[in-house]
Protein chains: 2
Amino acid sequence: MYSYQYPHPAVTVDCVVFGLDEARPAPSGASARGDRESRGSTLGTCDLTVLLIQRDLDPYAGAWALPGGFVRIDEGLDVAARRELEEETGVRDLYLEQLGAFGAPDRDPRERVITVAYLAIVNLFDHPVAAATDARNAGWFALDELPRLAFDHDRILEAALGRLRANVREEPIVFEFLPGKFTLRQVQSLYEAILGEPLDKRNFRKKLQETGLIVPLDEVETAVAHRAARLHRFDRERYEAVRAEGYRWNA
Amino acid sequence: MYSYQYPHPAVTVDCVVFGLDEARPAPSGASARGDRESRGSTLGTCDLTVLLIQRDLDPYAGAWALPGGFVRIDEGLDVAARRELEEETGVRDLYLEQLGAFGAPDRDPRERVITVAYLAIVNLFDHPVAAATDARNAGWFALDELPRLAFDHDRILEAALGRLRANVREEPIVFEFLPGKFTLRQVQSLYEAILGEPLDKRNFRKKLQETGLIVPLDEVETAVAHRAARLHRFDRERYEAVRAEGYRWNA
DNA sequence: GCAAAAGTGTTTATGATACACCCATGC
DNA sequence: GCATGGGTGTATCATAAACACTTTTGC
């Protein structure tokens, strides 16, 4: 059943790294803004972005690609993904989740390469260093401004986005994007950016607060040209505790 | 970034094949049967089973393992999984879904082997041949009677079970287990076997029928020693149609 | 004083749950 | 005629959705 006579494929890891960016002023097209109340949720306060690296070698030289690289022969898959990410973005602590293996025989024109894809989330508030990524040929791209990608990376990215959207409803992973202290509006904007749909402000805040996992602080945001919003933090310890008892996040 | 100087690991596929079996009479332990109505759901009319193969080569000779084998150098991952399954069980058309890659460096004592795991469901009604699997050393095991497994296959199986339980609530995959014509009771028993908890008969039937995707037939089951239940079928075409319009299965 | 976003409750609709009895059939 | 499972409806509860105005602050 098992035998080792067959030629071995190369195995890589590729990471879809999601980050968060200040939203640019909405694209020029004068959107016929629906005047509904729930529309007042300022969709677009932040943008979901993806980290890409520009290749300098053939094939696909000059094209943008997901950061990634070879799995070393004695290295676990998750370890390889973290190592590659640290090498390419300098970020150590980030959320990492395996997406799956992509192994179409022709996905790399040179030889058979099977890649194990990961979904990663980097907190650009706590790790501002990574915002620009010191590597010369790296950049953050908003989802609606993606360049053409090398290999089958467009499909991997699409799968990652689908996974992110599914996960965001079942686990509090949004806080992986956010700083330790955040406003409720930031959380809502992030949900809206990820799900691509506006949410009702009052219902959203109510639901978030009823979880008992978002604790209000005695601080407000600073340097805003209007009323300052109260800051909150996510009670991760308590979440882990109630989760062990069967609690399920459900946003 | 990409280079090909590194030694390549071996890559295999392994399949967690779920099937369905008549339930054996409930284990002897005289369960203090709660006399609630909802308990009358005959939990245990069927058992969820997993297909395992007994290894005859070292390492783990004699131990049970998931069916699987090498990915050929020019073969896609899904194709490899289907090929292995057909070779080992004779079943062609089955539900197949990638679970993910397992690649701990020491998971195979001989050399580095990365495996891509799959979740498969075989319909033992439409393909009764596979029930016994002509291979001499294969067998179906109920979840509570699993033997010790080779390699890290226990972890793969656990992951597959978790995925199955999650999927069953969001997609109508239970019908992959069932014959084209089935009774509502069969569906309920199957949900109960997968989720491991009893369900309320009336609520379950109501919900199932309200989907509009379970069509009653003018036929009843045969050869039962009591009132025969009406047969139904799952309207797959209609499901695909409404799903394209955003409908989400939610059982 | 006005622009811009923060903050706050109630009503309504929808879906989930709990629950008990009569019916058909084979033996 | 009795044992076995098939089949059915309603009342209650919990959750989700819709919805508009007052407050604070910087300019």
Side-chain angles (χ1 to χ4, degrees), chain A residues 22-23 25-26 33-46 169 181-189 191-192 195 197-212 214 216-232 247-251, chain B residues 22-23 25-26 33-46 169 181-189 191-192 195 197-212 214 216-232 247-251:
Chain A
E22 292 292 310
R33 39 169 309 155
D35 229 354
R36 294 273 300 296
E37 173 194 6
S38 60
R39 179 55 189 75
S41 52
T42 336
L43 179 64
T45 282
C46 59
R169 293 195 174 276
K181 301 172 179 181
F182 48 80
T183 68
L184 298 184
R185 147 63 40 76
Q186 283 177 300
V187 184
Q188 182 176 345
S189 295
Y191 267 95
E192 291 173 334
L195 297 176
E197 59 183 356
L199 302 172
D200 180 86
K201 184 165 71 162
R202 280 181 287 188
N203 291 336
F204 183 84
R205 297 166 80 99
K206 197 191 317 168
K207 201 164 170 182
L208 216 51
Q209 285 164 324
E210 277 169 359
T211 64
I214 311 294
L217 303 174
D218 287 328
E219 270 180 275
V220 295
E221 63 181 344
T222 55
V224 287
H226 52 78
R227 176 174 174 182
R230 160 158 287 184
L231 292 174
H232 297 71
Y247 173 83
R248 328 216 74 216
W249 183 266
N250 186 19
Chain B
E22 294 290 311
R33 40 169 310 152
D35 228 355
R36 295 273 299 297
E37 174 194 7
S38 60
R39 180 58 190 74
S41 53
T42 336
L43 178 64
T45 282
C46 59
R169 293 198 174 276
K181 299 172 179 179
F182 49 80
T183 68
L184 298 185
R185 147 65 39 78
Q186 282 179 301
V187 184
Q188 182 177 343
S189 297
Y191 266 96
E192 291 173 332
L195 298 176
E197 59 182 356
L199 301 172
D200 180 87
K201 183 163 73 163
R202 279 181 288 190
N203 291 335
F204 183 83
R205 296 165 82 99
K206 196 192 317 169
K207 201 165 171 183
L208 214 51
Q209 285 164 324
E210 277 169 358
T211 65
I214 312 294
L217 303 174
D218 288 329
E219 267 179 280
V220 294
E221 62 181 343
T222 54
V224 286
H226 51 79
R227 175 174 176 180
R230 160 158 286 183
L231 292 173
H232 296 72
Y247 172 83
R248 329 217 74 214
W249 182 267
N250 186 19

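Atoms considered below: every heavy atom in the structure, side chains included; atoms not considered: hydrogens, waters and symmetry mates. Note that the structure is predicted; figures quoted are calculated from it, not measured. In what follows, chains carry the letters A, B, and so on, assigned in the order in which the sequence lines appear, proteins first and then strands, with residues in each chain numbered from 1.
- For the side chain to side chain donor-acceptor pair (under 3.5 Å) condition, the pairs that include at least one residue of residues 203-212 of chain B, sequence neighbours left out, are Asp200(B)-Asn203(B), Asn203(B)-Lys206(B).
- In this structure, Asp200(A) places its CG atom 13 Å from P of dA16(D), rounding to the nearest Å.
- Considering every non-hydrogen atom in both Tyr247(B) and Trp249(B), the closest pair reads CE2-N, 3.7 Å.
- Side-chain contact between Leu217(B) and Phe182(B): absent, with no pair of heavy atoms (C-beta onward) separated by less than 4.5 Å.
- The two residues Leu208(A) and Val187(A) come nearest to each other via the heavy atoms CD2-CG1, 3.8 Å.
- Once rounded to the nearest 0.5 Å, the distance linking CZ of Phe204(A) with CZ of Arg185(A) reads 10.5 Å.
- Computed from coordinates, the Lys207(A) NZ to dA18(D) C1' distance equals 15 Å when rounded to whole Å.
- Whole-Å rounding puts the Phe204(A) CZ to dA6(C) P distance at 13 Å.
- If you take CG on Leu199(A) and CD on Gln188(A), they are separated by 5.5 Å, rounding to the nearest 0.5 Å.
- Recorded end-axis angle for the helix from dG1(C)-dC27(D) to dC27(C)-dG1(D) stands at 0°, based on five pairs per end and rounded to 10 degrees.
- Residues satisfying the side chain to side chain contact (heavy atoms under 4.5 Å, CB included) criterion with Arg227(B), sequence neighbours excluded, are absent altogether.
- Between the CD atom of Gln186(A) and the C1' atom of dA5(C) there is a distance of 13 Å, given to the nearest Å.
- Rounded to an integer number of Å, the gap from CZ of Arg230(B) to C1' of dA24(C) is 13 Å.
- Applying the salt bridge (Lys or Arg N to Asp or Glu O under 4.0 Å) criterion to Arg169(B), with sequence neighbours excluded, gives Glu197(B).
- The distance from the CG atom of Leu231(B) to the CG atom of Leu184(B) is 9.5 Å, given to the nearest 0.5 Å.
- Regarding Arg185(B), its CZ atom lies at a distance of 11 Å from the C1' atom of dG7(D), rounded to whole Å.
- Annotation: the span from Asp218(A) atom CG to Arg230(A) atom CZ amounts to 5.5 Å, rounded to 0.5 Å.
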I'd like a table of atom pairs between the protein and nucleotides 22-27 of chain D - only N or O on both sides, under 3.5 Å - with the distance next to each one.
unit_1, atom_1, unit_2, atom_2, d
dT23(D), O2, Arg227(A), NH1, 3.0

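- One atom, CD of Glu221(B), and another, C1' of dG26(C), lie 13 Å apart when rounded to the nearest Å.
- Summarising the geometry, the separation between CZ on Arg202(A) and P on dA16(D) is reported as 17 Å, rounded to the nearest angstrom.
- A sub-4.0 Å separation between OP1 or OP2 of dT8(C) and a side-chain N or O of Arg205(A) is absent.
- Side-chain atoms of Lys201(A) and base atoms of dG7(C) include a donor and an acceptor less than 3.5 Å apart.
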All N/O donor-acceptor pairs, side-chain side in residues 219-226 of chain A, below 3.5 Å, sequence neighbours left out:
unit_1, atom_1, unit_2, atom_2, d
Glu219(A), OE1, Lys181(A), NZ, 2.7
Glu219(A), OE2, Lys181(A), NZ, 3.3
Glu221(A), OE2, Ala229(A), N, 3.0

key: Reading 5' to 3' through nucleotides 10-15 of chain D, protein heavy-atom contacts under 4.0 Å coded B for base, S for sugar-phosphate only, - for none   = B-----

